[in-house]
Amino acid sequence: QVQVVESGGGLVQFGGSLRLSCAASGNIFRINAMGWYRQAPGNQRELVATITSGGSTNYADSVKGRFTISRDNTKNTVYLQMNSLKPEDTAVYYCNARLNTRATIVPRDYWGQGTQVTVSS
């Protein structure tokens, strides 16, 4: 069993900041990468930022320069520091963990339940 749990969402004003956290736990052999995705009403889920276990990062163009993803490998935890928030950042943010369990050779994706981020104008 693998669990992925997000926290830190909430309501902020335009230009404000918020920090999201996500922890993966359970039957984990190796985490290849963790990341954040978001889905706004009427939109598809889109990539926000990812980070590999080695520290390589990838950001959506829309958040570059504003968001920073980081990790704590000892805790299987990733963070998303969101600055200069805009109303268009409003969405449910989902944490993703790409990992191997003891029983899998090919890694698969595990998802958290999501945390709401709302940015007022």
Side-chain angles (χ1 to χ4, degrees):
Q1 298 286 349
V2 176
Q3 298 82 41
V4 179
V5 180
E6 310 100 330
S7 63
L11 174 64
V12 297
Q13 294 186 353
F14 182 93
S17 297
L18 204 61
R19 186 177 181 87
L20 305 182
S21 300
C22 172
S25 62
N27 186 27
I28 299 171
F29 178 75
R30 181 181 183 273
I31 294 180
N32 301 114
M34 297 183 72
W36 294 93
Y37 296 72
R38 67 187 182 187
Q39 186 167 17
N43 293 349
Q44 293 184 321
R45 188 174 298 185
E46 64 178 357
L47 180 146
V48 177
T50 61
I51 186 167
T52 69
S53 60
S56 179
T57 59
N58 182 44
Y59 295 93
D61 289 341
S62 60
V63 306
K64 287 181 179 178
R66 299 188 298 121
F67 292 8
T68 302
I69 189 169
S70 60
R71 76 198 193 284
D72 183 343
N73 288 340
T74 64
K75 300 179 180 179
N76 293 331
T77 300
V78 295
Y79 307 92
L80 186 67
Q81 179 65 48
M82 304 185 293
N83 299 324
S84 301
L85 284 163
K86 307 173 181 179
E88 48 263 47
D89 295 318
T90 296
V92 177
Y93 283 69
Y94 296 92
C95 181
N96 169 263
R98 179 166 292 177
L99 57 85
N100 291 95
T101 68
R102 295 175 63 206
T104 60
I105 298 175
V106 179
R108 60 174 291 182
D109 292 327
Y110 294 83
W111 294 90
Q113 60 190 3
T115 185
Q116 177 70 46
V117 172
T118 302
V119 184
S120 62
S121 60

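Just so we're clear, the structure is a prediction, and the values are computed from it rather than from any experiment.
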Identify the two heavy atoms, one from R30 and one from S53, that lie closest to each other, and give their separation to 0.1 Å.
-> NH2-OG, 3.8 Å
Do you know the tightest heavy-atom contact between A40 and A91?
-> N-CB, 3.8 Å
Is [X] atom [atom1] crowded by more than 12 heavy atoms from other residues, nucleotides or ligands, each under 6.0 Å away?
{"X": "Q113", "atom1": "CD", "result": "no"}
{"X": "Q1", "atom1": "CD", "result": "no"}
{"X": "R98", "atom1": "CZ", "result": "no"}
{"X": "Q13", "atom1": "CD", "result": "no"}

How long is the straight-line distance from [atom2] of [Y] back to [atom1] of [X], given to the nearest 0.5 Å?
{"X": "Y37", "Y": "D109", "atom1": "OH", "atom2": "CG", "value": "6.5 Å"}
{"X": "T50", "Y": "N58", "atom1": "OG1", "atom2": "CG", "value": "4.5 Å"}
{"X": "R71", "Y": "N76", "atom1": "CZ", "atom2": "CG", "value": "11.5 Å"}
{"X": "T90", "Y": "Q116", "atom1": "OG1", "atom2": "CD", "value": "7.0 Å"}
{"X": "S62", "Y": "D89", "atom1": "OG", "atom2": "CG", "value": "7.0 Å"}

Residues D61 and K64 bridged, charged N to O under 4.0 Å | yes
Given S21 and K75, is the side chain to side chain contact (heavy atoms under 4.5 Å, CB included) satisfied, shown in steps?
-> CA-CA 11 Å; S21 300; K75 300 179 180 179; over 6 Å; no
Please confirm whether the backbone N or O of S17 pairs with a side-chain atom of N83, one donor and one acceptor, at under 3.5 Å?
-> no
Say whether, by atom type as modelled, one donor and one acceptor occur between the side chain of E6 and the main chain of G114 under 3.5 angstrom.
-> yes
Would you mind listing the cluster partners of I31? Hydrophobic ones only (ILVMFWY), side-chain contacts under 4.5 Å, chaining allowed.
-> V2, V4, V12, L18, L20, I28, M34, W36, V48, I51, Y59, V63, F67, I69, V78, L80, M82, L85, Y93, L99, Y110, V117, V119
Can you check whether S70 reaches R19 side chain to side chain, under 4.5 Å on heavy atoms?
-> yes
Under 4.5 Å between any side-chain heavy atoms of R38 and N43, yes or no?
-> no
Assess whether side chain to side chain contact (heavy atoms under 4.5 Å, CB included) is satisfied between F29 and T101, documenting all intermediate values.
-> CA-CA 5 Å; F29 178 75; T101 68; 5.6 Å; no
